[in-house]
Q: 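Once you've had a glance at the structure underneath, I'll fire off some questions.
Count residues from 1 along the sequence.
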Amino acid sequence: MSSDGQTSQSAADLHHLRDFTAHHAGCNVTFMRLTNAKSVKQGIRAVAARAGVSTASVSRALNNPDAVSPSLRARIEQAIDALGYIPHAPARILSSRRSRTLGAIVPTIDNTMFARGIASLQQYLSSVGYMLFLTTSGYDLDVELQQARNLISRGVDGLVLRGDCHHDGLRKLLADNAVPFINVGIYQPDRPYPCVGTDNEAAAHRAAAHVIELGHRRIGIVSALQRNNDRASARVAGFRRALAENGLELPPQWHVEVPYTLDDAREAARYLLNLKDRPTAVVCGNDVIAYGVLLEAERDGFSVPRDLSVVGFDDLDWSRHLRPSLTTIHVPTAETWQRAGEYLVRSLAGEQTIMHREIDFSLVVRESTAPPPKSLK
């Protein structure tokens with residue numbers, strides 16, 4: 001490895017990127033220039049110079065914030081943010097410059113898909129002598145940025161991030177500190193950032209097309225919250241594209257966004273099923289939401305799929321065991337997260353890597369979908 005640690009494929013990718021500015025659907029941040037980390041590595045002296053204070057003042061602000069005035073602390077924090085300085089990164093002073101640890105930031109561990117993915121990632125990393133640090137962001141971009149700072153300060157060699165909806169400050173942080181990363185759970189080959197996952201828009205389009213092929217014309221959507229969630233936004237876009245291509249309207253009241261809980265999904269289903277003009281099919285942003293729709297439909301006396309067809313997304317283990325079993329989109333979660341780990345490990349080893357890797361999806365047709373009742377066609 002060269003003395004400045006720039007042999008990894010990820011660092012090379014960052015160095016050669018051009019300006020790329022584009023607003024991402026469902027994500028109110030912009031892409032920005034990623035610069036060569038070697039030219040912007042900063043230390044405590046650079047922070048002191050930018051803030052116009054002594055290095056001792058910077059040290060006190062970092063180690064004992066109460067020992068300096070709020071105004072001085074604010075100036076130093078602004079300088080740190082501007083320079084991308086990460087204090088106390090022990091792995092950066094090791095002669096090998098490697099800690100053999102990776103960090104992963106996921107929105108929540110309540111999501112079964114994340115739990116399954118993290119388990120697969122951990123298993124792979126253990127097999128190659130790496131350790132995993134895990135944190136959560138709660139779908140908050142500011143929290144994700146802070147968690148990334150915390151992980152980098154502890155010397156992680158790379159980061160696994162969920163999706164491609166991130167704070168501009170996070171992109172700068174990763175570039176300034178030459179930290180390789182990969183966005184997991186999405187496939188976006190037009191973006192200048194590494195990713196591995198399913199084309200969520202195409203998969204959702206297939207799910208909606210299935211119920212359209214069965215003859216449904218009154219199709220509702222219960223999606224996950226789209227704010228700071230590009231996967232949810234892409235799935236909604238896929239559902240809507242399938243409807244539009246077939247000349248089908250989506251009344252505003254037929255699309256409900258909910259948090260990732262059964263209770264919220266049941267409430268959404270209760271609302272849709274009690275509409276005077278209700279859908280005959282509901283396509284859902286994930287399987288947990290679909291479970292809530294199934295449970296509420298049964299509670300309200302509807303027979304699935306005779307009265308209502310329901311489609312999920314993810315193919316969780318419970319989906320094939322329910323009665324009726326759930327028609328859903330199968331996503332190879334374990335493979336996706338393992339590939340993310342492989343990308344980072346190989347990049348850190350200086351090996352050639354695939355920057356954008358697509359993971360295939362498939363429609364799994366089970367018992368929860370059927371042609372619509374004749375009376376409601």
Q: Check the pair Thr261, Asp264 against side chain to side chain donor-acceptor pair (under 3.5 Å), reporting the backbone distance first and the verdict last.
A: CA-CA 5 Å; Thr261 69; Asp264 288 298; 2.5 Å; yes

Q: Does anything in residues 123-148 pair up under salt bridge (Lys or Arg N to Asp or Glu O under 4.0 Å), and if so which pairs, sequence neighbours excluded?
A: none

Q: Can Ser126 and Gln122 be counted as having a side-chain donor-acceptor contact under 3.5 angstrom?
A: yes

Q: Between Thr369 and Ser309, do the side chains contain a donor N or O and an acceptor N or O under 3.5 Å apart?
A: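 No, no side-chain donor-acceptor contact under 3.5 Å.
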
Q: Just how far is it from atom CD1 of Ile182 to atom CZ of Arg357, taken to the nearest 0.5 Å?
A: 8.5 Å

Q: Distance only, no hydrogens: is a donor on one side chain within 3.5 Å (strictly under) of an acceptor on the other, for Thr280 and His216?
A: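 Present: a donor and an acceptor within the cut-off.
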
Q: Quick one, Asp277 with Arg218, criterion side-chain contact (heavy atoms from CB on, under 4.5 Å). Give me CA distance, side-chain angles, the key distance, then yes/no.
A: CA-CA 9 Å; Asp277 185 26; Arg218 303 153 61 87; 2.5 Å; yes

Q: Hey, could you give me the CD/CD1 distance between Glu342 and Ile354, rounded to the nearest 0.5 Å?
A: 10.0 Å

Q: Determine the minimum heavy-atom distance between Gln188 and Cys195, stating which atoms define it.
A: N-SG, 3.4 Å

Q: Crowded around Glu267 CD? As in, over 12 foreign heavy atoms under 6.0 Å?
A: no

Q: Can you name the nearest heavy-atom pair linking Pro180 to Asp157, along with the distance?
A: CD-O, 3.2 Å

Q: Tell me if the CD atom of Gln253 is crowded by more than 12 foreign heavy atoms within 6.0 Å.
A: yes

Q: For the pair Glu201 and Arg235, find out whether any cationic side-chain nitrogen is under 4.0 Å from an anionic carboxylate oxygen.
A: no

Q: Check whether Asn229 reaches the backbone of Ala232 with its side chain - one donor and one acceptor, N or O, closer than 3.5 Å.
A: yes

Q: Consider only side-chain N and O atoms of Ser223 and His255, and report whether a donor and an acceptor are under 3.5 Å apart.
A: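 Yes, His255 and Ser223 have a side-chain donor paired with an acceptor closer than 3.5 Å.
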
Q: Can you name the residues that form a salt bridge (charged side-chain N to carboxylate O under 4.0 Å, His left out) with Glu77, not counting sequence neighbours?
A: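 Once residues adjacent in sequence are excluded, Glu77 has no partner under the salt bridge (charged side-chain N to carboxylate O under 4.0 Å, His left out) criterion.
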
Q: Distance alone, cut at 3.5 Å: any donor-acceptor contact between the side chains of Ser54 and Ser57?
A: yes

Q: Check the side chains of Asn200 and Arg231 for a donor-acceptor pair under 3.5 angstrom, ignoring hydrogens and angles.
A: no

Q: Starting from Phe313, walk the hydrophobic network (Ile, Leu, Val, Met, Phe, Trp, Tyr; side-chain heavy atoms closer than 4.5 Å) and list everyone else you reach, by chain and number.
A: Ile329, Val331, Phe361, Leu363, Val365

Q: Holding to salt bridge (charged side-chain N to carboxylate O under 4.0 Å, His left out), I want the full list of residues that pass it with Arg270, two or more places apart in sequence or in another chain.
A: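 Per chain and number, Arg270 pairs via salt bridge (charged side-chain N to carboxylate O under 4.0 Å, His left out) with Glu296.
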
Q: Check whether any side-chain heavy atom of Val184 lies under 4.5 Å from a side-chain heavy atom of Leu161, and answer yes or no.
A: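 Not touching, per the 4.5 Å side-chain cut-off.
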
Q: Does atom CD1 of Ile109 have more than 12 heavy-atom neighbours from other groups under 6.0 Å away?
A: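 At most 12 heavy atoms, drawn from other residues, nucleotides or ligands, come within 6.0 Å of this atom.
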
Q: So, Asn111 versus Tyr260: side-chain donor-acceptor pair below 3.5 Å or not?
A: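 Yes - a donor-acceptor pair under 3.5 Å links their side chains.
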
Q: Say you draw a straight line from NZ of Lys172 to CG of Asn177; how long is it, rounded to the nearest 0.5 Å?
A: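 Those atoms lie 9.0 Å apart.
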
Q: Asn228 and Cys165: which non-hydrogen atoms are nearest, and at how many Å?
A: CA-SG, 3.7 Å

Q: Using side-chain heavy atoms (C-beta onward) and a distance below 4.5 Å, is Val196 in contact with Tyr187?
A: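 In short, these two side chains do not touch, never coming nearer than 4.5 Å.
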
Q: Which is it for Thr328 and Arg366 under the side-chain contact (heavy atoms from CB on, under 4.5 Å) test, yes or no, and what are the steps along the way?
A: CA-CA 8 Å; Thr328 187; Arg366 296 195 179 103; 3.6 Å; yes

Q: Anything under 30° is parallel, anything over 60° is perpendicular, the rest tilted; go ahead and classify Trp337 against Phe114.
A: perpendicular

Q: What heavy-atom pair brings Ala334 and Ser120 nearest, and what distance separates the two atoms?
A: O-OG, 2.7 Å

Q: Name all pairs fulfilling the salt bridge (Lys or Arg N to Asp or Glu O under 4.0 Å) condition that reach into residues 104-133, sequence neighbours left out, sorted by first residue then second.
A: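 Qualifying pairs: Arg116-Asp317.
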
Q: Check whether any side-chain heavy atom of Val311 sits under 4.5 Å from a side-chain heavy atom of Ser368, and report yes or no.
A: no

Q: Check the side chains of Tyr139 and Thr108 for a donor-acceptor pair under 3.5 angstrom, ignoring hydrogens and angles.
A: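 Not at all, the side chains of Thr108 and Tyr139 share no donor-acceptor pair under 3.5 Å.
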
Q: Of all the heavy-atom pairs spanning Val293 and Cys284, show the shortest one and how long it is.
A: CG2-SG, 4.0 Å

Q: Around atom CD of Glu298, are there more than 12 heavy atoms of other residues, nucleotides or ligands at under 6.0 Å?
A: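 It does not: Glu298 CD has 12 such atoms or fewer within range.
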
Q: Looking at Val304, Asp314, Val310, Val364, which one forms a side-chain contact (heavy atoms from CB on, under 4.5 Å) with Leu326?
A: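 The residue from Val304, Asp314, Val310, Val364 that satisfies side-chain contact (heavy atoms from CB on, under 4.5 Å) with Leu326 turns out to be Val310.
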
Q: Given side chains that start at C-beta, do those of Val53 and Leu72 come closer than 4.5 Å, heavy atoms only?
A: yes

Q: Show me the donor-acceptor pairs within less than 3.5 Å that the side chains of residues 129-136 make with the rest of the protein, sequence neighbours left out.
A:
none

Q: Could you walk me through whether Val160 and Leu344 pass side-chain contact (heavy atoms from CB on, under 4.5 Å), step by step?
A: CA-CA 8 Å; Val160 177; Leu344 288 176; 3.6 Å; yes

Q: With the threshold set at 4.0 Å, does a side-chain nitrogen-carboxylate oxygen contact exist between Asp81 and Arg149?
A: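 A salt bridge is present here (some side-chain N lies under 4.0 Å from a carboxylate O).
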
Q: Go through the steps to decide whether Ser59 and Ile44 satisfy the test side-chain contact (heavy atoms from CB on, under 4.5 Å), and finish with yes or no.
A: CA-CA 8 Å; Ser59 180; Ile44 194 169; 4.3 Å; yes

Q: Are any of the side-chain heavy atoms of Arg171 and Leu145 separated by less than 4.5 Å?
A: no

Q: What are the two closest non-hydrogen atoms of Val58 and Ile76, and how far apart are they?
A: CA-CD1, 3.9 Å

Q: Please tell me if the side chains of Leu83 and Arg50 come closer than 4.5 Å, counting only heavy atoms from C-beta onward.
A: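 Heavy-atom side-chain distance check passes, below 4.5 Å.
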
